[in-house]
Undergrad: 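So that we are looking at the same thing, I have put the structure below in structure tokens.
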2 protein chains.
Amino acid sequence: MIDTHDRILETAKNLYHEGGFQSVTMRKVAAELDLSATAIYRHFRNKEHLLIALFEDAHRTFTRYLWESLGGGTPLERFRSAGEAYLRFALEEPLYYQMVFMAPSSHLGYEEMPETICEELNRSFHFLVDRVRECMNEGLFTEGVPERTAVAVWAHSHGVISLYLTGQLNDLVGSREEFEAFYWEAMQPLMQGLQPHNGGGRDRS
Amino acid sequence: MIDTHDRILETAKNLYHEGGFQSVTMRKVAAELDLSATAIYRHFRNKEHLLIALFEDAHRTFTRYLWESLGGGTPLERFRSAGEAYLRFALEEPLYYQMVFMAPSSHLGYEEMPETICEELNRSFHFLVDRVRECMNEGLFTEGVPERTAVAVWAHSHGVISLYLTGQLNDLVGSREEFEAFYWEAMQPLMQGLQPHNGGGRDRS
DNA sequence: GTCTATAGGTGGATAGAC
DNA sequence: GTCTATCCACCTATAGAC
């Protein structure tokens, strides 16, 4: 049995899907759980605190996916593993993905999210930068500024995923399996372009 | 002097920025224009019609940007020109870009947007597919399914732009000029990967 | 084309009983 | 920890005067 605190967060997450943060109302959360509207206030001081808790859970969950991907033996394996974790997070927690990476900061409604979240995102980004730097150091990627290459890779993954999550690839990919295949297919030209092209090197990962 | 109809749309666009479609209220639009709340109803039947009109204007505007980009002499010039138009639309009409490409369909609030909008998006997509196909036919891009390559390119552009518009690249790029430079820099590895690599061909566009 | 008056709905939050 | 009762703010939309 899950405790009410977590069930409230779960319900709020699903309501977020309907229309963003503004669709999460205390009354709807309560109704969904067969509680009175005011019962929620025993678990969260107010709506802002509820949304912040939800946002924090989203980021914590993402961090967990990313860190659990560590373990590959070679830099290229670790790089690919990070991409897999990113994709898995997006597909298994699409609502959290939308909160973390697709919500315009102005849509949060409230001022600023806690500093801890910014730090967590920074650590995640530097995790990716480290994966890129490793590959550069081993000569697997063309030399360059790791941060900028990392953003390019991140943007590419994010672009494919966010078009899918907003339903704009529905004509192209029907099932989740089809989409996973397309994700890696779309990644190929970029990976080719990142590798040094010393006369036709075509070592696929 | 702009007529009230257009000023209402303009105001609604700016309110959208604050918190999505739900932040656009008839009262706030009216207040912004120093009108009574009910005056809006002389120009739009109700809120849904206002939002649809706004959405349609967003798509029309995008189409205009895209079509005005036609004119380059070579397939590669036309391809690059399309990418420039896409970027220009995103930077000059960021709120419209968010509506067209970043809003989860479920956040629209209302059932379905008019069929005309879907058709317009389809035409825009096939415009890009044609640019890709041209380049493939001339041997500038590796042979493949033009639709899938087009999506890969689209996703890449969209990824860079949407991360920027959500404020996630603020540490990397400060000014609009810096971002434009980064947009093309991030595009380079992908372009490299799209070109046939017959022993070190490095013809940049 | 714009106004005021108004009806009816939804949502955030508190107080106090159980 | 959950309830009911309650208040207040804000929203959509209509009716009818000017």
Undergrad: Tell me whether the rings of B:Phe101 and B:Phe62 are parallel (<30°), tilted (30 to 60°) or perpendicular (>60°).
TA: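 Ring orientation, 0 to 90° scale: perpendicular.
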Undergrad: In terms of the nearest nucleotide of DNA chain D, which residue is placed more toward the 5' end: A:Leu35 or A:Arg27?
TA: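 In this pair, the answer is A:Leu35.
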Undergrad: Would you say D:dT2 has OP1 or OP2 under 4.0 Å from some side-chain N or O of A:His43?
TA: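 For D:dT2, OP1 or OP2 has a side-chain N or O of A:His43 closer than 4.0 Å.
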Undergrad: If you measure only the distance, is there a donor-acceptor pair under 3.5 Å linking the side chains of B:His156 and A:His156?
TA: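 Judged by distance alone, the side chains do pair up.
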Undergrad: Please confirm whether the ring centroid of A:Tyr97 lies under 6.0 Å from the ring centroid of A:Tyr65.
TA: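 Ring centroids of A:Tyr97 and A:Tyr65 are no less than 6.0 Å from each other.
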Undergrad: Grab the CE-C1' distance between A:Met26 and C:dA13 for me, whole Å please.
TA: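 So the CE-C1' distance, A:Met26 to C:dA13, works out to 9 Å.
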Undergrad: What's B:Asp3 touching, base or sugar-phosphate or nothing? Going by heavy atoms closer than 4.0 Å.
TA: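 Nothing, no heavy atom under 4.0 Å.
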Undergrad: Provide, to the nearest angstrom, the distance between the CG atom belonging to A:Leu15 and the P atom belonging to C:dG11.
TA: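 These atoms are roughly 10 Å apart.
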Undergrad: Take the protein atom CZ of A:Arg7 and the nucleotide atom C1' of D:dG1, then report the distance between them rounded to whole Å.
TA: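 To the nearest whole Å, that distance equals 13 Å.
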Undergrad: Of all the nucleotides listed (D:dG1, C:dG1, D:dA13), which has the minimum atom distance to the side chain of B:Tyr41?
TA: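 In terms of side-chain proximity for B:Tyr41, the closest of D:dG1, C:dG1, D:dA13 is D:dA13.
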Undergrad: Just by distance, with hydrogens left out, do A:Thr11 and A:Glu32 show a side-chain donor and acceptor under 3.5 Å apart?
TA: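 Checked: A:Thr11/A:Glu32 side chains show no N/O donor-acceptor pair below 3.5 Å.
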Undergrad: Are B:Tyr86 and B:His158 close enough that their ring centres sit under 6.0 Å apart?
TA: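 Ring centroids of B:Tyr86 and B:His158 are no less than 6.0 Å from each other.
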Undergrad: In whole Å, I'd like the distance from the CZ atom of B:Arg42 to the P atom of D:dC18.
TA: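 From B:Arg42 CZ to D:dC18 P: 16 Å.
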Undergrad: Send over the distance from A:Glu18 CD to C:dG11 P, rounded to a whole Å.
TA: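 Rounded to whole Å, this separation is 11 Å.
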Undergrad: Can you measure A:Asn46 atom CG to C:dG11 atom P for me and round it to whole angstrom units?
TA: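 Rounded to the whole Å, the gap is 17 Å.
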Undergrad: Quick one: label B:Thr4 by what it contacts on the DNA or RNA (base, sugar-phosphate, nothing), any heavy atom closer than 4.0 Å.
TA: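 Counting heavy atoms under 4.0 Å across all strands, the contact made by B:Thr4 is with sugar-phosphate only.
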Undergrad: Rounded to whole Å, how long is the line connecting atom CG of A:Asp34 with atom P of D:dG1?
TA: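 Taking CG of A:Asp34 and P of D:dG1, I get 19 Å after rounding.
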Undergrad: Under 4.0 Å, counting only non-hydrogen atoms across every strand here, what does B:Ser36 touch: a base, just sugar-phosphate, or nothing?
TA: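 Base contact.
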Undergrad: Report the distance from atom CD of A:Glu48 to atom P of C:dG12, rounded to the nearest whole Å.
TA: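 Going from CD in A:Glu48 over to P in C:dG12 covers 13 Å.
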Undergrad: Choosing from C:dT2, D:dA5, C:dG11, which nucleotide comes nearest the side chain of A:Thr38?
TA: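 Per side-chain heavy atoms of A:Thr38, the pick is D:dA5.
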